[in-house]
Enquirer: 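Handing you this structure, nothing more for now.
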2 protein chains.
Amino acid sequence: MSKKDDLLKVAEVKVRQGGYNNFSFREIANEVGIKSASVHYHFPTKADLGAELAHQYTDAFLAALGDVDEIKARGENPIDIYTQIFRGALLTDDKMCLCGLLGAQNESLPEKVQIEVKRFFAKNLTWLQAAHKANGEADPEYAAITTVSLLEGAMMISKALNDHSYFKLATQ
Amino acid sequence: MSKKDDLLKVAEVKVRQGGYNNFSFREIANEVGIKSASVHYHFPTKADLGAELAHQYTDAFLAALGDVDEIKARGENPIDIYTQIFRGALLTDDKMCLCGLLGAQNESLPEKVQIEVKRFFAKNLTWLQAAHKANGEADPEYAAITTVSLLEGAMMISKALNDHSYFKLATQ
DNA sequence: AATGGACTATCTACTGTTAGATAATTGCAT
DNA sequence: ATGCAATTATCTAACAGTAGATAGTCCATT
């Protein structure tokens with residue numbers, strides 16, 4: 001794995017712990033074994049790094065979700081799949097959703113990063129609307145926003161109270 | 001109003017925009033017209049300021065909620081009241097819930113602040129459980145966590161997409 | 001006289017960023 | 001195959017700005 005990928009990996013952990021200001025070029029450079037100035041070779045500015053981080057996170061998330069039609073074709077409920085991906089993100093890593101945290105602090109972020117965070121939620125809502133429509137929901141738009149809101153909110157509160165059982169209870 | 005209250009007020013705005021790292025003693029001192037060193041007179045450390053901010057926010061929030069029994073006594077639904085308080089926080093100030101944002105970045109916060117954020121959500125869940133119980137809900141614990149999760153999540157996503165209509169749709 | 005609330009001045013540590021240099025590698029034209 | 005040029009990935013050194021925090025001083029009110 002390249003240094004660039006290493007940098008994104010260690011930055012992701014820090015952002016998911018404490019947001020955009022929770023990592024510095026020096027810190028992540030130390031952790032991957034290069035100098036902070038060299039980080040600028042891969043990412044001209046911190047905003048560029050943040051934007052690329054959110055973009056790749058979104059792509060990986062969507063890839064993990066898969067295709068609504070395929071899920072339906074094999075007789076599964078896409079909303080269950082969606083919930084399981086969220087559950088895995090919290091229980092496996094014990095970390096917030098990257099774009100959830102960034103979304104909450106949206107107002108203070110560089111525009112480049114804001115755009116990528118918007119992309120995450122826009123794509124999530126589109127996927128969820130298709131899923132609820134495929135499930136025959138009467139109001140797919142309403143169902144989509146409540147699904148993602150409940151999951152992001154339950155994640156936030158489980159982190160705040162440092163107890164995953166709240167997430168489990170909310171998604172039982 | 002005292003300088004101390006002024007400091008808390010301007011700090012609150014900044015934290016609700018971008019989290020705990022989104023304000024500095026220098027900034028808030030400038031905004032209230034004193035020097036950054038003088039802020040340490042009122043709050044020995046930044047953690048003390050953050051903790052007091054979250055504590056007062058929680059107290060004000062609970063005061064705004066009022067008493068479940070009184071709400072029921074005048075024939076209103078306490079869950080509707082709760083939802084309206086959240087809606088007001090977002091639509092009036094165009095800002096996240098202070099403890100929601102702090103909760104999401106919990107892992108990176110000083111312990112003093114973490115304790116106050118936990119207090120906020122513990123008190124919210126207690127209030128909501130009483131409210132759902134008073135409403136005759138079959139599973140008040142489940143109803144309480146889903147209520148606050150949905151509202152915090154919808155707030156987060158409305159901020160991320162910079163569009164309050166998502167909050168309105170989720171709470172319609 | 002004592003206290004509250006501010007001040008000046010300073011400290012150390014860290015922030016993102018830039019400049020300029022270096023070595024290793026790669027691609028192309030001769 | 002050799003030689004030139006460009007590219008990649010890193011380095012050292014330094015920059016100006018900001019961070020939270022501390023020590024000591026001043027002055028008005030009590």
Side-chain angles (χ1 to χ4, degrees), chain A residues 1-56 101-102 105-116, chain B residues 1-56 101-102 105-116:
Chain A
M1 196 182 251
S2 72
K3 292 286 186 193
K4 181 170 180 174
D5 292 333
D6 291 345
L7 288 168
L8 286 171
K9 218 170 96 181
V10 303
E12 179 182 324
V13 172
K14 290 180 185 299
V15 174
R16 290 178 66 186
Q17 279 172 337
Y20 183 74
N21 304 311
N22 199 231
F23 79 95
S24 72
F25 273 31
R26 264 177 182 69
E27 276 181 324
I28 62 172
N30 283 345
E31 288 196 30
V32 308
I34 62 174
K35 298 295 169 182
S36 100
S38 307
V39 179
H40 288 275
Y41 171 76
H42 301 286
F43 308 99
T45 70
K46 185 175 178 175
D48 290 311
L49 196 162
E52 190 156 335
L53 186 57
H55 193 91
Q56 291 197 12
L101 216 176
L102 291 178
Q105 58 176 178
N106 202 250
E107 275 189 71
S108 70
L109 298 179
E111 205 182 351
K112 276 186 179 185
V113 184
Q114 289 187 6
I115 288 167
E116 294 301 329
Chain B
M1 193 183 255
S2 71
K3 292 287 185 191
K4 182 170 180 174
D5 291 334
D6 290 345
L7 288 168
L8 286 171
K9 217 169 98 181
V10 304
E12 179 182 325
V13 172
K14 291 182 185 296
V15 174
R16 289 177 67 187
Q17 280 172 336
Y20 183 73
N21 304 310
N22 200 230
F23 78 95
S24 71
F25 275 31
R26 267 178 182 70
E27 276 180 326
I28 62 173
N30 282 344
E31 288 194 31
V32 308
I34 63 174
K35 297 295 171 182
S36 100
S38 307
V39 180
H40 288 277
Y41 171 76
H42 301 288
F43 308 99
T45 69
K46 185 175 179 177
D48 291 312
L49 195 162
E52 189 156 335
L53 186 57
H55 192 91
Q56 291 197 11
L101 216 177
L102 291 178
Q105 56 176 180
N106 202 251
E107 274 190 71
S108 70
L109 298 178
E111 204 182 350
K112 276 186 179 184
V113 184
Q114 289 187 7
I115 288 167
E116 294 300 331

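Only a predicted model underlies this, so the values are computations on that prediction, with no experimental measurement involved. Below, read A as the first sequence line, B as the second, and so on, with proteins coming before strands; counting in each chain starts at 1. As a basis for the values below, the full set of heavy atoms in this structure was taken, side chains included, without hydrogen atoms, waters or symmetry mates.
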Enquirer: Report yes if a side-chain nitrogen or oxygen of His42(B) is closer than 4.0 Å to either non-bridging phosphate oxygen (OP1 or OP2) of dA6(C); otherwise report no.
Expert: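 Checking dA6(C) against His42(B), a side-chain N or O does come within under 4.0 Å of OP1 or OP2.
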Enquirer: Is the shortest side-chain N/O distance from Tyr41(A) to OP1 or OP2 of dT10(D) below 4.0 Å?
Expert: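 Checking Tyr41(A) against dT10(D): no side-chain N or O falls below 4.0 Å of OP1 or OP2.
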Enquirer: CD1 of Ile34(A) versus P of dC11(D): gap in Å, rounded?
Expert: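 It is 6 Å, rounded to the nearest whole Å.
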Enquirer: When the nearest nucleotide of DNA chain C is assigned to Glu27(A) and to Ala37(B) on a heavy-atom basis, which residue is associated with the more 5' position?
Expert: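 Nearest-nucleotide comparison on DNA chain C picks Ala37(B).
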Enquirer: Nearest-Å distance, CZ (Phe43(A)) to P (dG16(C))?
Expert: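 Rounding to the nearest Å, CZ of Phe43(A) and P of dG16(C) are 14 Å apart.
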Enquirer: When we call it a touch if two heavy atoms are under 4.0 Å apart, what does Lys46(A) touch: a base, just sugar-phosphate, or nothing?
Expert: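 Counting heavy atoms under 4.0 Å across all strands, the contact made by Lys46(A) is with sugar-phosphate only.
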Enquirer: Can you measure from CG (Asp48(A)) to NE2 (His40(A)) and round to the nearest 0.5 angstrom?
Expert: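 Interatomic distance, Asp48(A) CG to His40(A) NE2, rounded to 0.5 Å: 10.5 Å.
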Enquirer: Ignoring backbone atoms, test whether Ser38(B) places a side-chain nitrogen or oxygen under 4.0 Å from the OP1 or OP2 oxygen of dC7(C).
Expert: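 The answer is yes; a side-chain N or O of Ser38(B) sits under 4.0 Å from OP1 or OP2.
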Enquirer: Over how many whole Å does the gap from Asn21(B) atom CG to dT18(D) atom P extend?
Expert: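 Asn21(B) atom CG is separated from dT18(D) atom P by 17 Å.
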Enquirer: Measure from the side chain of Lys35(B), starting at C-beta and using heavy atoms only, and say which of dT12(D), dA21(D), dT8(C) lies closest.
Expert: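 So the nucleotide nearest the side chain must be dT8(C).
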Enquirer: Tell me: CG of Leu7(B) to C1' of dA6(C), nearest whole Å?
Expert: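 From Leu7(B) CG to dA6(C) C1': 12 Å.
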Enquirer: Let me check I have this right: for DNA chain D, each base becomes ., (, ), [, ] or |, based on Watson-Crick or G-U pairs with both distances under 3.5 Å. What is the full string?
Expert: ||||||||||||||||||||||||||||||
Enquirer: Rounded to whole angstrom units, what separation is found between the NZ atom of Lys14(B) and the P atom of dA19(D)?
Expert: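 It is 10 Å, rounded to the nearest whole Å.
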Enquirer: Assign each of His40(B) and Lys4(A) to its nearest nucleotide of DNA chain D by heavy atoms, then name whichever residue's nucleotide is nearer the 5' end.
Expert: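 It is Lys4(A), whose closest nucleotide lies nearer the 5' terminus.
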Enquirer: Which nucleotide in the set dG16(C), dA19(D), dC7(C) lies at the smallest distance from any side-chain heavy atom of Ser24(B)?
Expert: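 The listed nucleotide nearest to Ser24(B)'s side chain is dA19(D).
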Enquirer: Can you tell me how far P of dG20(D) sits from CG of Asp48(B), to the nearest Å?
Expert: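 Going from CG in Asp48(B) over to P in dG20(D) covers 13 Å.
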Enquirer: Side chains of Phe25(B) and Leu49(B), heavy atoms from C-beta outward: is any pair under 4.5 Å?
Expert: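 Sidechains of Leu49(B) and Phe25(B): in contact.
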Enquirer: Is it true that Glu12(B) and Arg16(B) have a side-chain N and a carboxylate O under 4.0 angstrom from each other?
Expert: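 A salt bridge is present here (some side-chain N lies under 4.0 Å from a carboxylate O).
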Enquirer: Could you walk me through whether Glu52(B) and Lys4(B) pass the salt bridge (charged side-chain N to carboxylate O under 4.0 Å, His left out) check?
Expert: CA-CA 11 Å; Glu52(B) 189 156 335; Lys4(B) 182 170 180 174; 3.4 Å; yes
Enquirer: Taking Gln17(A)'s backbone N and O only, do any of them form a donor-acceptor pair with Gln105(B)'s side chain (distance below 3.5 Å, no angle check)?
Expert: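 Here the side-chain-to-backbone pair does not exist.
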Enquirer: Rounded to the nearest 0.5 Å, how far does CD1 of Ile28(B) lie from CG of Leu7(B)?
Expert: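 If we round to the nearest 0.5 Å, Leu7(B):CG and Ile28(B):CD1 are 5.0 Å apart.
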Enquirer: Can you measure from CD (Glu107(A)) to CD (Gln114(A)) and round to the nearest 0.5 angstrom?
Expert: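 One finds 8.5 Å between CD of Glu107(A) and CD of Gln114(A).
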Enquirer: Contact class for Phe23(A) vs. all strands (heavy atom < 4.0 Å): base, sugar-phosphate, or nothing?
Expert: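 Sugar-phosphate, backbone atoms only, no base.
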Enquirer: Nearest to the side chain of Phe25(A) - dA21(D), dG16(C), dT10(D)?
Expert: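 Between dA21(D), dG16(C), dT10(D), the one nearest the side chain of Phe25(A) would be dG16(C).
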